[in-house]
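Working notes for the structure below.
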Amino acid sequence: MFLDGPDGWVVVLGCAHAGVINTLDYIAKLTGATQFRAVLGGMHLLCASPERIQATIATLERYQVQTVAANHCTGRQALIAMATVLGDRCCDGRVGTCWQFSNVT
């Protein structure tokens, strides 16, 4: 699922069986997006090779994703790699986490 929020596109993944790279590229093709405000959810990288994890991180950087909250099927190795590269742009997004993407005036 993807939403056009006030600060940019927000992508919510269940379990990205099609691949995060493919998913973001397809959304960009549909919307013309060059950046994403947030990518939240399962990235299906639990058994991914280090090369695939690095390619996913490179895609997140290419799209200048401001918030990455990977969980579920992302896997520990991928979470560590993302946190190492993305720093404070990578955050906890476990069950029960609430997100609000709106401007409050």
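Note that the structure is a prediction, hence the values are computed from the model and not measured. One-based numbering along the sequence shown.
At a threshold of 4.5 Å between non-hydrogen side-chain atoms, the residues Arg89 and Glu61 count as touching. Using a 4.5 Å heavy-atom threshold, the side chains of Leu13 and Leu40 count as separate. With a 4.5 Å cut-off on side-chain heavy atoms, Gln66 and Leu86 do not count as touching. Side-chain contact between His44 and Val20 is absent, with no heavy-atom pair separated by less than 4.5 Å. The side-chain heavy atoms of Leu60 and Leu24, taken from C-beta on, include a pair separated by under 4.5 Å. Taking the side chain as every heavy atom from C-beta outward, Ile53 and Glu51 never approach each other to under 4.5 Å.
The line from CD of Gln77 to OG of Ser49 is 12.0 Å long, rounded to the nearest 0.5 Å. Here the SG-CG distance, from Cys73 to Asn71, works out to 8.0 Å after rounding to the nearest 0.5 Å.
The hydrophobic cluster containing Val85 does not contain Leu79, counting ILVMFWY residues as joined when their side-chain heavy atoms lie under 4.5 angstrom apart, directly or transitively. Linking Ile, Leu, Val, Met, Phe, Trp and Tyr residues whenever their side-chain heavy atoms come within less than 4.5 Å places Val65 and Ile27 in a single cluster.
Under the 3.5 Å distance criterion, the side-chain polar atoms of Thr74 are matched with a main-chain donor or acceptor of Met43.
Screening Val12, Thr31, Val39, Val10 for a side chain to side chain contact (heavy atoms under 4.5 Å, CB included) with Phe2, the sole residue that qualifies is Thr31.
Every pair passing salt bridge (Lys or Arg N to Asp or Glu O under 4.0 Å) that includes a residue from residues 18-35 is listed here, sequence neighbours excluded: Asp25-Arg62.
Side chains of Thr67 and Arg37: a donor on one and an acceptor on the other come within 3.5 Å.
Between Trp9 and Phe36, the ring center distance fails the sub-6.0 Å criterion.
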Residue pair Gln54, Thr59: steps toward the side-chain contact (heavy atoms from CB on, under 4.5 Å) verdict: CA-CA 9 Å; Gln54 290 306 314; Thr59 298; over 6 Å; no
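When all heavy atoms are compared, the tightest approach of Gly93 to Ala69 is CA-CB, 4.0 Å. Looking at every heavy atom in both residues, Tyr63 comes nearest to Ala33 through CE2-O, 4.2 Å.
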